[in-house]
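First comes the structure, then the notes that go with it.
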Amino acid sequence: RPPRVPMASPGDANAESQKPTLVVEVKHGKRKFEIPLPDGLLDCTVEWLMCQIENETDPIVMRKHQKLLSKGKSLDAKGTIQSQCQFKHGKTVVMLLASHGGGGAPPAPLTAGQVALAKSRAAKAKNAYEKRNDFDENPMKFVSGRAQNLESRAVTWKTTGIVGLRSLALTDIPASAFESELSVRVVDVSGNLLAAVPRSVSSWQFVVKLNFSSNKITVAGVPWKELTGLPNLTCLNLAHNLLAGCLPIRGLGEMPKLQELVLDGNKIESLDATIGDGDEDSGDTFFFPALTSLSFANNLVTDIPPEFGKCDELELVDGSGNLLTEIPADLANASKLKTLALDRNPTLTTAGIPSELLLNAKALDYLSVHQCSVSMEALREKNGWREYDARRIRRAGKVLASKVMLGKTAFDEGGDTERIRRH
């Protein structure tokens, strides 16, 4: 006969119903969800848990991309949950990490404050765009409201030494900006309609920074002699004007403190370093003795004057977006030159990069030739590549050694057909 099965007492049934349910709380990013362990399966494996997680996550995190942590320790997929996790009051907490390609936690819903901020920024951007278009179509419309405020601005100039006249549709700089009692240090007249830099700038003997960008200034409208007579000028910005053809910068080379020269976004074809403002006897005694940064990106320049090799303080040259065919070997004499940006010069070939530059420019550790006609294989064969390669590896430092977060600015010349192999 079959064995007698004892009947369960009411007390036993009550105890069974009160048996605590074990739950695994999974944390994934900012999201939390619980997975209960089925009754009678207290020896569930971590692999079973991964299957449940795959069903719960959206977007799906596949098992092969999952990594589970409990108390800082990685869980073994073949082991049981109870043997690797500590339950407290019937619950244990597991952290889910998703490897590359394994999906991710869904973005948290925006708070009311974030929604309001996004709307405010969108409204400001739209307003600025409409105002800019209106300014381009009818710039004089904005003059009456702002030009009347010039007298109050002049009071501020006297106390701060900063002449701010940006985006006022000005065709001339007001005479109040040249008053003798002003000790002007900074002048910003960008975004106006100036056709020339007034010769009155010579009265700004203490000025440090001049910003004439985004105007309509031509080469004939630049008083080179008066600019050269500013002994304290460190930054001159003539970007995004109507400068075209040959730019006579020889006179500027005699400025003792000029550190930054910005000529981006014009139609300059050449930088004439041999002829200044009618002064042919300037000689070679001075040539930008304090210049650290030269930028003439997005022009039509075909060659860089070799005289810039005489700049002992020069650290950066940005000639991107031009028509350069070769780089002068004399630039190697600029002992502090670290960065040479030559992107988007389709006429620049490997032959146009001299070996002397790679070999003798002792500080050069970043040479960028993206979108140029430069072959990385041929560049590596050049004499001096080994010395340059050692310098760029030193610059990449620990980032290169660890082989992580190796961005294009860390180790990429742009001449590669594929990513440079990590050394």
Is any side-chain heavy atom of [Y] closer than 4.5 Å to one of [X]?
{"X": "I173", "Y": "V197", "answer": "no"}
{"X": "W204", "Y": "V187", "answer": "yes"}
{"X": "E269", "Y": "C246", "answer": "no"}
{"X": "V219", "Y": "L247", "answer": "yes"}
{"X": "L359", "Y": "Y388", "answer": "no"}
{"X": "M376", "Y": "V369", "answer": "no"}
{"X": "R153", "Y": "L168", "answer": "yes"}
{"X": "T171", "Y": "N192", "answer": "no"}

Is a side-chain donor or acceptor of [X] paired with a backbone partner of [Y] at a separation under 3.5 angstrom?
{"X": "D389", "Y": "E387", "result": "no"}
{"X": "N322", "Y": "S320", "result": "yes"}
{"X": "T45", "Y": "T80", "result": "no"}
{"X": "N298", "Y": "N266", "result": "no"}
{"X": "N237", "Y": "S213", "result": "no"}
{"X": "T228", "Y": "M255", "result": "no"}
{"X": "D188", "Y": "V163", "result": "no"}
{"X": "N333", "Y": "N360", "result": "no"}
{"X": "N55", "Y": "Q52", "result": "no"}
{"X": "N345", "Y": "G319", "result": "yes"}

For [X] and [Y], which heavy atoms make the closest approach, and how far apart are they?
{"X": "S203", "Y": "F178", "result": "OG-CD2, 3.6 Å"}
{"X": "W157", "Y": "G164", "result": "NE1-N, 3.5 Å"}
{"X": "D318", "Y": "L316", "result": "N-CD2, 3.9 Å"}
{"X": "S70", "Y": "T92", "result": "OG-OG1, 4.4 Å"}
{"X": "Q84", "Y": "V46", "result": "NE2-CG2, 3.4 Å"}
{"X": "I35", "Y": "L49", "result": "CD1-CD1, 3.9 Å"}

Before accepting this row, confirm whether a basic side-chain N of the pair [X]/[Y] lies closer than 4.0 Å to the acidic partner's carboxylate O.
{"X": "K338", "Y": "D365", "answer": "yes"}
{"X": "R63", "Y": "E54", "answer": "yes"}
{"X": "E34", "Y": "K91", "answer": "yes"}

Mind telling me whether F288 and F308 have parallel, tilted or perpendicular rings, with 30° and 60° as the class edges?
parallel

Between L263 and S295, does the side chain to side chain contact (heavy atoms under 4.5 Å, CB included) criterion hold? Intermediate values first, please.
CA-CA 6 Å; L263 304 169; S295 182; over 6 Å; no

Please check if the number of heavy atoms outside K382 that lie under 6.0 Å from its NZ is greater than 12.
yes

Pair L252, L236 - check side chain to side chain contact (heavy atoms under 4.5 Å, CB included), show working.
CA-CA 10 Å; L252 297 181; L236 176 61; 4.1 Å; yes

